[in-house]
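Throughout, protein chains are lettered first and strands after them, A, B, ... in sequence-line order, and every chain is numbered starting at 1.
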Amino acid sequence: MVGCISIEKEKEKEKEMEVLRLALSASQKGRLISAGYTSIASLSSISPSQIALELKISETEALEILKTVSDGRRLESNGSSGTIVHGAQSAWDMLQEEETLVRITTSSADLDNILGGGISCKEVTEIGGVPGIGKTQLGYNKLTSIFILLVFIYGVFVLCVLPTKRNQFSQYRIQLAVNVQIPSDYGGLGGKAIYIDTEGSFMVERALQIAEACSDDMVQYSCLYRKGFQACKVRGQPKDFLENIFYFRVCSYTEQIALTNYLDKFITDHKDVDSPIQNTNQMAIFPSAMNASKSFELFLFLFVKVVIIDSITFHFRQDFDDMALRTRLLSGMALKLMKLASKFGVAVVLLNQVTTKYSDGSFHLALALGDSWSHASTNRIILHWNGNERFAYIDKSPSLRSASAPYSVTTKGIRNSASNNKRIKHM
Amino acid sequence: MQRFQAADNNGALKSLKEDYEIIDANFLQFCSSHGILSVFFIYTVEDFLVHDVCTLVASTDQLSNSDRLKQVYLSSYECFFSMLSWECYQDKLLTAYGETSFDMLLQGGLHEGHVTELVGPSSSGKTQVCFQVASNVAMKFGSVVFLDSGNSFSPTRIQQIITHISGSAENKINGILQQAMRNIECHAVFDIFALLNVLHQLKLNVKSQTGYQVRLIIVDSVSSLIAPILGGSSAQGHALMVSVGYLLKELADKHNIAVVVTNHMVGGEGGTLKPALGESWKNVPHVRLQLSQDHASKGYAVQILRHPYMVCFFKPCGAPCSWSGQNTKYQSGHI
């Protein structure tokens with residue numbers, strides 16, 4: 001009996017301050033509690049206008065509060081779903097899923113190799129680089145580094161817009177095998193890119209140049225392996241690639257944060273531009289006409305697949321007196337980007353500047369924005385010079401070995417390093 | 001502990017009679033008679049220990065062979081107490097890292113009911129240790145809940161580690177692998193409210209359903225969730241942080257779950273690194289381990305910053321670690 005009573009009491013005690021753990025602002029919570037609404041149950045059967053009246057807030061705000069409350073309730077009631085926590089996924093299922101996940105190639109085989117196939121969707125990858133160490137050279141180096149970064153990133157995003165040869169092929173095979181299926185299954189192939197420019201260093205000419213090289217490669221490829229694959233020639237126009245790049249220019253850190261918050265909605269909105277449903281209908285009507293090139297084309301330009309921020313650092317490295325505020329803003333933004341990556345399966349690529357860091361009696365390269373930011377991304381890649389060659393080095397990754405690989409920058413974009421003597425080096 | 005629980009099920013101290021000669025018929029009689037006298041029953045060793053020593057000793061006076069009983073009682077009390085705490089200790093240390101040098105440093109491994117914090121700069125191996133612990137527990141003990149705030153949960157890596165630990169042949173591994181990987185559950189959390197929600201759900205589910213057998217909860221990383229709300233003019237962030245800490249501790253303690261959280265390092269005074277989240281978080285973890293990477297030798301080291309019953313190593317590279325070198329780590333799929 002004693003036990004029963006204490007459990008009851010405990011339950012009541014738990015319910016008392018349920019409101020505290022809802023995702024509401026502090027003032028909203030304060031108002032709710034002082035009005036006597038402490039448990040979620042007390043808010044379940046109440047109209048927004050009544051709340052608005054009692055809390056002296058606008059009705060839209062009251063609606064928002066009730067929505068948060070019902071979200072919280074739904075989570076609780078759905079507890080019995082096979083998993084311990086609602087919405088969780090077992091590692092086994094994730095493994096199966098990961099095997100079908102497409103990676104975005106960097107178009108340098110060596111680089112792809114150390115990256116486990118390319119830049120991973122669903123993860124946040126941070127890339128930074130400066131050639132050489134030395135403070136006196138910094139001014140010059142900075143310029144060069146920006147250039148390298150840009151070239152690097154153009155290569156990545158143009159290739160993202162255009163499905164890679166290998167992926168295209170495998171995807172194509174899958175499509176043949178499963179024939180008409182849900183289009184979103186193939187969403188991993190080809191997509192749109194969002195390019196957020198903070199420094200004003202985006203060069204359309206260069207992007208076009210790389211796109212041209214890409215489409216050339218692609219036409220060559222299709223001639224070689226898939227005769228009569230004309231769709232590629234039509235689709236592969238360089239300017240089509242540029243059409244699939246959404247460019248944002250942000251001029252202050254406030255804009256940058258606002259844009260990060262808006263991206264969620266933007267990606268959702270752009271999901272339905274080439275409506276997959278419409279495509280399915282087409283296929284349903286003409287199932288016999290479903291040939292390879294058509295199905296390939298259907299899924300070619302569907303969703304936003306990569307978000308690039310060039311660079312994440314720029315606005316946060318200047319005019320910031322309150323470092324604590326900076327840390328808060330940055331870590332908040334990092335979580336938003338993480339959420340974006342995981343929710344939509346997009347690859348988030350952040351560009352960062354580089355500083356040198358002194359530790360254990362030696363200098364070594366480190367990305368800017370400090371120690372707390374260093375935890376913000378899933379993977380970190382540092383680009384550096386070694387002799388006359390450019391190297392990419394994996395500084396941090398939960399699933400990849402730290403390794404470095406050479407690459408070179410050509411007019412076509414990123415390619416394998418020309419010299420053969422320097423290969424991948426695993427640390 | 002398990003043995004005592006077995007004794008509990010049988011309902012008597014009698015089952016221990018063979019093991020300990022000190023428990024004789026007289027003693028048992030005393031216990032049961034005392035049980036009748038004081039309404040509470042002394043059946044199990046735990047009951048025995050829960051009773052106030054002085055009252056029991058005093059109550060022996062009323063019996064005829066009081067001296068003998070008193071002596072038996074006191075010595076058995078002592079014996080049981082040391083035994084119980086030892087057994088508790090052994091039992092709770094089941095959740096081991098599965099890695100000799102790490103386990104040796106911690107004298108056995110992770111402690112159930114404790115919140116263990118891994119703190120270290122980026123790429124110091126925090127997540128890798130989490131993976132290793134998760135794989136090990138999932139293979140040997142029970143379910144693992146992995147709360148991921150950095151999209152860093154890598155099933156492929158887990159697969160590598162499990163394959164390495166089991167060390168069994170290719171054809172056999174699939175069953176073990178699937179079983180172990182089904183035992184690990186990952187949930188992405190991207191804000192503190194999501195974390196609170198998940199922890200509350202866990203609390204409810206662990207309480208109501210016994211079938212789950214959650215043995216380990218990992219939050220990687222807790223600091224990236226707290227950092228955006230901490231500080232500034234509002235105290236709400238602080239309150240939320242404390243409630244997360246409280247919830248974790250409660251889960252660990254009430255349901256005997258080992259909890260592992262990871263924390264960042266931030267620059268302190270004089271450029272030295274210190275664990276993030278400040279003073280009021282400091283008392284949340286029972287055990288605090290600092291991981292570090294030596295850039296020159298590419299080796300890794302772990303040192304104990306805080307532990308309830310062990311001496312802390314303050315010197316850098318407090319313990320030599322055989323999981324040093326990502327090289328071996330990745331080649332063999334083993335930390």
Side-chain angles (χ1 to χ4, degrees), chain A residues 20-23 25-26 29 72 75-76 79-80 83-95 97-98 116 122-124 324-325 327-329 331-332 334-336 338-339 341-342 358-362 364 370-372 374-378 380 395-402 426-427, chain B residues 121-123 127-128 131 138 143 145 149-159 178 181-188 190-191 193 196-198 200-202 204-206 212 214 221 223-225 227-232 234 236 239 243 264-267 273 276 294-296 298 326-327 330:
Chain A
L20 280 183
R21 63 186 165 89
L22 291 174
S25 76
K29 280 182 200 171
L75 271 173
E76 236 161 66
S80 56
T83 49
I84 304 164
V85 185
H86 173 68
Q89 225 181 347
S90 85
W92 180 252
D93 297 339
M94 287 176 84
L95 185 73
E97 200 184 288
E98 200 179 73
K122 282 193 115 172
E123 280 177 13
V124 177
L325 176 70
T327 311
R328 268 205 303 287
L329 291 175
S331 48
L335 281 176
K336 294 242 171 61
M338 287 286 180
K339 192 174 184 178
S342 137
Y358 181 80
S359 75
D360 307 331
S362 65
H364 59 96
D371 291 309
S372 52
S374 68
H375 302 271
S377 45
T378 322
R380 307 189 106 193
D395 185 46
K396 169 197 171 177
S397 168
S399 54
L400 303 164
R401 240 174 111 170
S402 64
H426 290 292
M427 302 292 165
Chain B
S122 86
S123 78
T127 305
Q128 296 302 320
F131 287 170
S143 291
V145 177
S149 76
N151 290 342
S152 53
F153 185 80
S154 162
T156 327
R157 184 80 187 109
I158 297 271
Q159 186 190 19
Q178 188 169 346
M181 289 191 76
R182 283 197 191 283
N183 267 343
I184 303 176
E185 237 174 59
C186 178
H187 193 284
F190 295 113
D191 60 65
F193 301 110
L196 280 168
N197 247 328
V198 169
H200 265 276
Q201 262 189 65
L202 264 175
L204 291 175
N205 290 349
V206 170
Y212 284 135
V214 181
S221 77
S223 48
S224 65
L225 294 172
I229 52 160
L230 204 58
S234 159
Q236 201 204 1
S243 60
H264 299 165
M265 299 285 266
V266 291
L273 291 173
D294 184 19
H295 281 281
K298 298 275 172 214
Q326 255 179 327
N327 216 350
Y330 278 102

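Within the 4.5 Å cutoff, no side-chain heavy atoms of A/Met94 are placed close to those of B/Met181. In this structure the side chain of B/Arg182 reaches within 4.5 angstrom of the side chain of A/Asp93, judged on heavy atoms. Between A/Ser342 and B/Asn151, the closest side-chain pair of non-hydrogen atoms falls below 4.5 Å.
The part of A/Lys122 that comes within reach of chain B is its backbone (N, CA, C, O), which places non-hydrogen atoms under 4.5 angstrom from that chain. When heavy atoms are compared at a cutoff of 4.5 Å, B/Leu230 approaches chain A solely by way of its backbone atoms N, CA, C and O. The contact between B/Ala227 and chain A is made by backbone and side chain atoms together, counting heavy-atom distances below 4.5 Å. Both the backbone and the side chain of B/Gln178 come within less than 4.5 Å of a heavy atom in chain A. Contact annotation for B/Ser152: both backbone and side-chain heavy atoms come within less than 4.5 Å of a heavy atom of chain A. Proximity to chain B is limited to the side chain of A/Lys29, based on heavy atoms less than 4.5 angstrom apart. Contact of A/Leu335 with chain B is made through backbone and side chain together, with heavy-atom distances under 4.5 Å. Contact of A/Ser374 with chain B is made through backbone and side chain together, with heavy-atom distances under 4.5 Å.
Going from atom OG of B/Ser224 over to atom CE of A/Met338 covers 7.5 Å, rounded to the nearest 0.5 Å. For the atom pair A/Asp395 CG and B/Ser123 OG, the distance stands at 5.0 Å (nearest 0.5 Å). Rounded to the nearest 0.5 Å, atoms CZ (B/Phe153) and CD (A/Glu98) are 9.5 Å apart. Distance OG/A/Ser399 to CZ/B/Arg157: 8.5 Å, rounded to 0.5 Å. The structure places OG of B/Ser154 at 7.5 Å from CD of A/Glu123, a figure rounded to the nearest 0.5 Å.
Heavy atoms only, all atoms of each residue included: B/Thr127 and A/Pro398 are closest at CG2-CB, 4.2 Å. Nearest heavy atoms, A/Ser397 versus B/Gln128: O-NE2, 4.1 Å.
Chain A forms more heavy-atom pairs under 4.5 Å with one residue of B/Asn183, B/Thr156, B/Leu225, B/Val266 than with any other, namely B/Thr156. Ranked by heavy-atom pairs under 4.5 Å with chain A, the first of B/Pro228, B/Ser223, B/Gly150 is B/Pro228. In terms of heavy-atom pairs under 4.5 angstrom with chain A, the leader among B/Leu273, B/Ile184, B/Ile229 is B/Ile184. The residue among A/Gly370, A/Ser331, A/Ala324 with the most heavy atom pairs within less than 4.5 Å of chain B is A/Ser331.
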Worked check of side chain to side chain contact (heavy atoms under 4.5 Å, CB included) between B/Ser221 and A/His375: CA-CA 9 Å; B/Ser221 77; A/His375 302 271; 5.7 Å; no
B/Gln159 vs A/Leu95, side chain to side chain contact (heavy atoms under 4.5 Å, CB included): CA-CA, chis, key distance, verdict: CA-CA 8 Å; B/Gln159 186 190 19; A/Leu95 185 73; 3.7 Å; yes
